[in-house]
Amino acid sequence: VFDVGVDQGTPLIYNTYPNAKFVLIDPVAESEQRVEGWKDRINYAFHCCALGANRGEVEINIPSTTTKKRISRASAFEFEPGNAAQFASFEKRTVPMTTLDSLSWRETGPFGVKIDTEGYELEVIKGAKKTLANAEFVIAEVSVKRRFQGSYRFSELIGALGKQGFEPLDFL
């Protein structure tokens, strides 16, 4: 199971598939420490990188309130002005970027894929065609309303997943 945008982990998936091999991926280095509580409960490898349509580097924006850094909200896109206003500041970091297909080629399917990349989900999907061909499910945390400048429309994401053979099953 590929957990893209892991932050502190995804207990629902880990508890549902306790015997699976997990590949945890997050561009924020602090996330590796945040998932250490799972090391004795699940079999995982952690990769500190962003995923996208291509390999290279990408600049991420990590917002902070006046009291704490919100690494779970880190995005490769700038926030829309109304969303940016809820934060006091933004830290910019340049991080390595690869594709999900580049990480998965040694693994054998079937796969499960969870994506929560704060507006970058469509780019992750563009770099995951071979992985998705062997995936049994995709869980994506997405916004219906655009929260990031230059990000996709919800219908674009649904269309891209549809081209890979996936249809929406549930919305929360």
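Numbering starts at 1 and runs along the sequence shown.
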Which donor-acceptor pairs under 3.5 Å do the side chains of residues 150-172 make with protein atoms, sequence neighbours left out?
from, atom 1, to, atom 2, distance (Å)
S151, OG, G119, O, 2.7
Y152, OH, E121, OE1, 2.6
E156, OE1, R153, N, 2.6

Any salt bridge between [X] and [Y], counting N to O under 4.0 Å?
X    : Y    : result
E57  : R93  : no
D101 : K130 : no
E123 : K126 : yes
E80  : R147 : no

Between CH2 on residue W105 and CG on residue L100, distance to nearest 0.5 Å: 14.5 Å
Distance, nearest 0.5 Å, that separates OG1 of T10 from CD1 of I139: 8.5 Å
Shortest non-hydrogen contact from [X] toward [Y]:
X    : Y   : value
V35  : G9  : CG1-N, 3.8 Å
C48  : P96 : O-CG, 4.0 Å
T99  : A53 : CG2-O, 3.6 Å
S104 : F2  : CB-CZ, 3.4 Å

Cluster link [X] to [Y], ILVMFWY, side chain under 4.5 Å:
X    : Y    : result
L103 : V6   : no
F22  : V138 : no
W38  : I25  : no
Y44  : V4   : no
Y17  : L24  : yes

Minimum side-chain heavy-atom gap [X]-[Y] below 4.5 Å:
X    : Y    : result
T98  : L51  : yes
H47  : E32  : no
V1   : I13  : yes
N61  : E91  : no
Q149 : P81  : yes
C49  : P27  : no
R55  : S102 : yes

Flag, side chain of S75 to backbone of E118, donor-acceptor distance under 3.5 Å: yes
Side-chain (S31) to main-chain (R34) donor-acceptor, under 3.5 angstrom: no
Neighbour count above 12 (heavy atom, 6.0 Å) for E107 CD: yes
Crowding at NZ, K92 (>12 non-hydrogen neighbours, <6.0 Å):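 Yes, because the 6.0 Å sphere around NZ of K92 holds more than 12 heavy atoms from other groups.
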Qualifying residue for salt bridge (Lys or Arg N to Asp or Glu O under 4.0 Å) with K114, from D7, D26, D3: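 Between K114 and the candidates, salt bridge (Lys or Arg N to Asp or Glu O under 4.0 Å) is satisfied uniquely by D3.
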Whichever hydrophobic residues join V58 through chains of side-chain contacts under 4.5 Å: V28, I60, I62, I71, F77, F79, F87, F90, V95, M97, Y120, F148
